[in-house]
Amino acid sequence: MNYWLMKTEPDCFGLDHLKSRPKRTEHWDGVRNYQARNFLRDSMQKGDLAFFYHSSCAEPGIVGVVKIVRAGYPDHTAWAPDNEHFDPKSSPSKPIWYMVDVKLERELKHSITLAALKNNPALKHMQLLQRGNRLSILPVTAKEWNTILKMDKSD
DNA sequence: GCCAACGTTGGC
DNA sequence: GCCAACGTTGGC
């Protein structure tokens with residue numbers, strides 16, 4: 001059982017999009033970075049939990065919790081020439097890019113903002129907060145996970 | 001294998 | 001829109 005943080009731009013695919021999908025489930029396609037790909041392909045397991053993080057927006061932060069409901073499998077959007085994430089080097093017989101399926105578990109009533117995460121000394125070493133970090137999929141330690149859950153004011 | 005140029009990410 | 005940080009590309 002592992003914990004993760006998955007970034008997404010709300011203008012592109014945000015919490016509201018996931019919420020409106022059948023079974024509140026959608027595949028997480030379009031990742032075109034090898035480090036993030038390795039997490040998707042090799043490390044993420046069915047049943048793992050992840051924070052759903054909004055980036056590149058007015059108030060970046062964690063807005064929900066998702067569960068990995070299908071482990072890594074080839075990202076077919078890489079094979080579609082008309083897809084914006086098309087990669088001619090990838091093919092069904094030799095896939096390069098992978099995705100998982102995520103299901104929305106819980107929507108936070110009050111998002112946990114990036115500013116709030118930065119203000120928590122217990123999260124000083126969190127990967128998300130390290131300078132220059134750009135990975136769209138990041139591992140979260142159990143300790144960090146619990147610390148962040150305690151910051152949730154939904155109760 | 002080196003490294004400059006370029007593109008992307010993402011907070012501000 | 002700016003800019004720092006980082007990944008990728010391609011010439012050599």
Side-chain angles (χ1 to χ4, degrees), chain A residues 2-21 26-44 48-66 68 71-102 104-141 143-145 147-154:
Chain A
N2 302 303
Y3 297 109
W4 307 93
L5 181 141
M6 304 172 86
K7 293 184 195 171
T8 183
E9 297 184 21
D11 291 342
C12 177
F13 183 85
L15 189 77
D16 290 338
H17 296 95
L18 182 59
K19 227 163 79 175
S20 66
R21 290 294 190 272
E26 185 59 286
H27 48 263
W28 199 272
D29 62 68
V31 171
R32 298 292 181 267
N33 168 284
Y34 284 102
Q35 243 182 301
R37 186 281 310 268
N38 291 344
F39 286 137
L40 289 170
R41 188 188 60 184
D42 308 328
S43 307
M44 278 188 161
D48 284 358
L49 294 172
F51 288 125
F52 192 97
Y53 178 90
H54 279 172
S55 68
S56 293
C57 56
E59 199 174 62
I62 294 165
V63 294
V65 174
V66 298
I68 311 304
Y73 63 106
D75 181 346
H76 57 76
T77 65
W79 309 329
D82 56 342
N83 190 282
E84 67 169 315
H85 300 297
F86 173 62
D87 181 355
K89 295 194 290 297
S90 186
S91 68
S93 56
K94 282 198 171 178
I96 296 176
W97 305 112
Y98 283 72
M99 60 187 179
V100 297
D101 287 354
V102 300
L104 181 63
E105 282 283 295
R106 193 155 67 86
E107 177 181 6
L108 301 188
K109 283 202 195 93
H110 308 281
S111 66
I112 301 172
T113 64
L114 177 61
L117 295 172
K118 280 181 176 169
N119 279 334
N120 190 330
L123 298 175
K124 201 167 68 177
H125 299 293
M126 196 183 174
Q127 276 203 50
L128 176 74
L129 305 182
Q130 304 314 304
R131 77 186 324 228
N133 160 67
R134 288 169 37 185
L135 264 190
S136 63
I137 301 202
L138 294 164
V140 173
T141 68
K143 212 174 192 176
E144 289 161 354
W145 182 270
T147 299
I148 293 168
L149 281 187
K150 276 187 212 146
M151 296 167 70
D152 177 24
K153 301 189 191 82
S154 291

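Just so you know, these numbers use all the heavy atoms, side chains as well, and skip hydrogens, waters and symmetry mates. Chain letters run A, B, ... following the sequence lines, proteins first and then strands; every chain starts at 1. These numbers were taken from a predicted model, which means no experiment stands behind them.
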For A:Arg32 and A:Ser90, which I'm curious about, is there any donor-acceptor pair between the side chains at under 3.5 Å? no
Going through the distances and angles, do A:Ser111 and A:His54 end up as a side-chain contact (heavy atoms from CB on, under 4.5 Å)? CA-CA 10 Å; A:Ser111 66; A:His54 279 172; over 6 Å; no
Classify every nucleotide of nucleotides 6-12 of chain B by which part a protein heavy atom approaches to under 4.0 Å, writing B for the base, S for the sugar-phosphate alone and - for neither, in 5'-to-3' order. -BBBBSS
Any residue meeting side-chain hydrogen bond (donor to acceptor under 3.5 Å, both in side chains) with A:Glu105, in chain and number order, not counting sequence neighbours: none
Counting only heavy atoms and a strict 4.0 angstrom limit, can you tell me which residues of residues 10-18 of chain A come near DNA chain B? none
For residues A:Val100 and A:Met6, determine if any side-chain heavy atom of one lies less than 4.5 Å from a side-chain heavy atom of the other. yes
Can you name the one residue among A:Tyr98, A:Phe52, A:Trp4 that meets ring-ring contact (aromatic ring centres under 6.0 Å, His included) with A:Trp28? A:Phe52
Hey, can you tell me if A:Trp145 and A:Phe51 have their rings parallel, tilted or perpendicular (30° and 60° cut-offs)? parallel
Using distance alone, with no hydrogens and no angle criterion, decide if A:Ser91 and A:Trp79 have a side-chain donor and acceptor under 3.5 Å apart. no
